[in-house]
There are 2 protein chains.
Amino acid sequence: MSHRPFHHGNLRAVLLEQAEAVLRERGIDALSLRELAREAGVSHGAPRSHFVDRKALLDALAERGFVRLADQIREAVSQVPADHARTLHAAASAYLRFAERDPALLDLMFATKADGPPEAVRSAAERLFGVMTGIMDAGVEAGAYDRSDVGRLTLLLSATVQGISTLVTSRRITVSQGETLIDDAISVFLRGVSAERHG
Amino acid sequence: MSHRPFHHGNLRAVLLEQAEAVLRERGIDALSLRELAREAGVSHGAPRSHFVDRKALLDALAERGFVRLADQIREAVSQVPADHARTLHAAASAYLRFAERDPALLDLMFATKADGPPEAVRSAAERLFGVMTGIMDAGVEAGAYDRSDVGRLTLLLSATVQGISTLVTSRRITVSQGETLIDDAISVFLRGVSAERHG
DNA sequence: TACTGAAAGTAGACGTTGACTAGTTTCTAG
DNA sequence: CTAGAAACTAGTCAACGTCTACTTTCAGTA
């Protein structure tokens, strides 16, 4: 009869994955260190070896969220012809899909923090912003923007997509309204930028 | 010696105001029904007469937040000349100021809810949306939009401003970057919409 | 005015949680 | 082989949300 080993061997990863599932299925309020420990079959103090406190776990979740979102956007963009408008659409749609699947996680990623996000989260968020910047850089190659405008325009596009996602996750609008909104946003964005340059 | 009266007389209002202060100064995690009761000088069970549970208090806070935000936007808009671009700017700036002053409350207002927001919150949110729609309607009068586009364009503008606010409250960008972003957003928005019509 | 039911508040209890501490087992590097 | 670090256990504590039974006050009506 195999006694379970003293060392779980994998605890940190298991806790994070269970936590993501709980977040997805029951929201952040249902996320308890003790419950995670129970379901992982370890004592209630065990998570402490990997996360100093609950906030540390939440930060790790947010960090992973940013990394995953960035990857999913990159992935989505890579599977679309090299047309800038379609690229924007692919990126924004991937963002919205993420929001749809993990609303509580997205909340967590952009939650207000007293002294700003911890370094690990900040850098993961920058990774996402880096992906967005890459997409906009491609737009420069395609002649859609001036290089000097990429910074502010990336920010504007990111904010818009984030705002649309928020409206969806907070149930202010439906998913399909969200999809329509993305079309509108990209259309207005591209025309607006173009008009700013040649107007 | 005046014994404090059995009936507080004002408890609900006092709890809400204290709660807003706590939210503003220490964030949502620091918001405890028992602490609110203590500071109001009532027993720990007293709040239950006015809010069935903690969630009910949070919902009431979100509701008031929407009402206040809507009022502040209307107020800001009213104090600006009847130029549409400047009106948009006044509205967006008021929104951002609200976010800046009450980041945790804004989070709460747009937090993910399992089954969507309760009716009271939903209707307060619609009040905000109503104010935004009114602003856009004025844009129709001024010839900036087709009447048939007001719905989607109001949504787009609201999402964009909300997204910018989120970037600021989550400390992804500074307040002054947020202000610049608002300028960019409105500029691109107006030109983009105009180009869509006459392009 | 006295009465009565509803509303508002009290007091105590319960289970759960996050956090802390001290001690134990396992791993790992020298 | 051994020492020290890392991982985990077990027990404790205060705080919280919630629930229940009870008491005080208020407001409307007979």
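Lettering follows sequence order; numbering is per chain, from 1.
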At a cut-off of 3.5 Å, list every protein nitrogen or oxygen paired with a nitrogen or oxygen from nucleotides 13-17 of chain C, distance to 0.1 Å.
{"unit_1": "dT17(C)", "atom_1": "OP2", "unit_2": "R38(A)", "atom_2": "NH1", "d": "3.3"}
{"unit_1": "dT17(C)", "atom_1": "OP2", "unit_2": "R38(A)", "atom_2": "NH2", "d": "3.4"}

Separation of [N] [atom2] from [X] [atom1] (nearest whole Å):
| X | N | atom1 | atom2 | answer |
| --- | --- | --- | --- | --- |
| H50(B) | dG9(C) | NE2 | C1' | 8 Å |
| L11(A) | dT9(D) | CG | C1' | 12 Å |
| N10(B) | dA7(C) | CG | C1' | 16 Å |
| F51(A) | dA7(D) | CZ | P | 11 Å |

Q.
Heavy atoms within less than 4.0 Å of DNA chain C: which residues of residues 12-25 of chain A have one? Give them sorted by number.
A. none

Q | Phosphate contact (dA8(C) OP1 or OP2) by S49(B) side-chain N/O below 4.0 Å | A | no

Q) Can you check whether R48(B) has a side-chain N or O nearer than 4.0 Å to OP1 or OP2 of dA8(C)? A) no

Among [options], which residue meets the side chain to side chain contact (heavy atoms under 4.5 Å, CB included) test with [X]?
| X | options | value |
| --- | --- | --- |
| T112(B) | I28(A), T166(A), L105(A), T169(A) | T169(A) |
| L88(A) | I135(A), I182(A), V161(A) | I135(A) |
| D59(A) | E119(A), R64(A), R54(A), K113(A) | K113(A) |

Can you measure from [atom1] ([X]) to [atom2] ([Y]) and round to the nearest 0.5 angstrom?
| X | Y | atom1 | atom2 | answer |
| --- | --- | --- | --- | --- |
| M136(B) | D149(B) | CE | CG | 9.0 Å |
| T154(A) | D137(A) | OG1 | CG | 7.0 Å |
| M109(B) | S165(B) | CE | OG | 10.0 Å |

Q. So among E100(B), Q162(B), Q72(B), which one has a side chain to side chain donor-acceptor pair (under 3.5 Å) with Y95(B)?
A. Q162(B)

**Q.** Quiz item: cation-pi between R172(B) and F110(A), 6.0 Å / 45°
**A.** yes

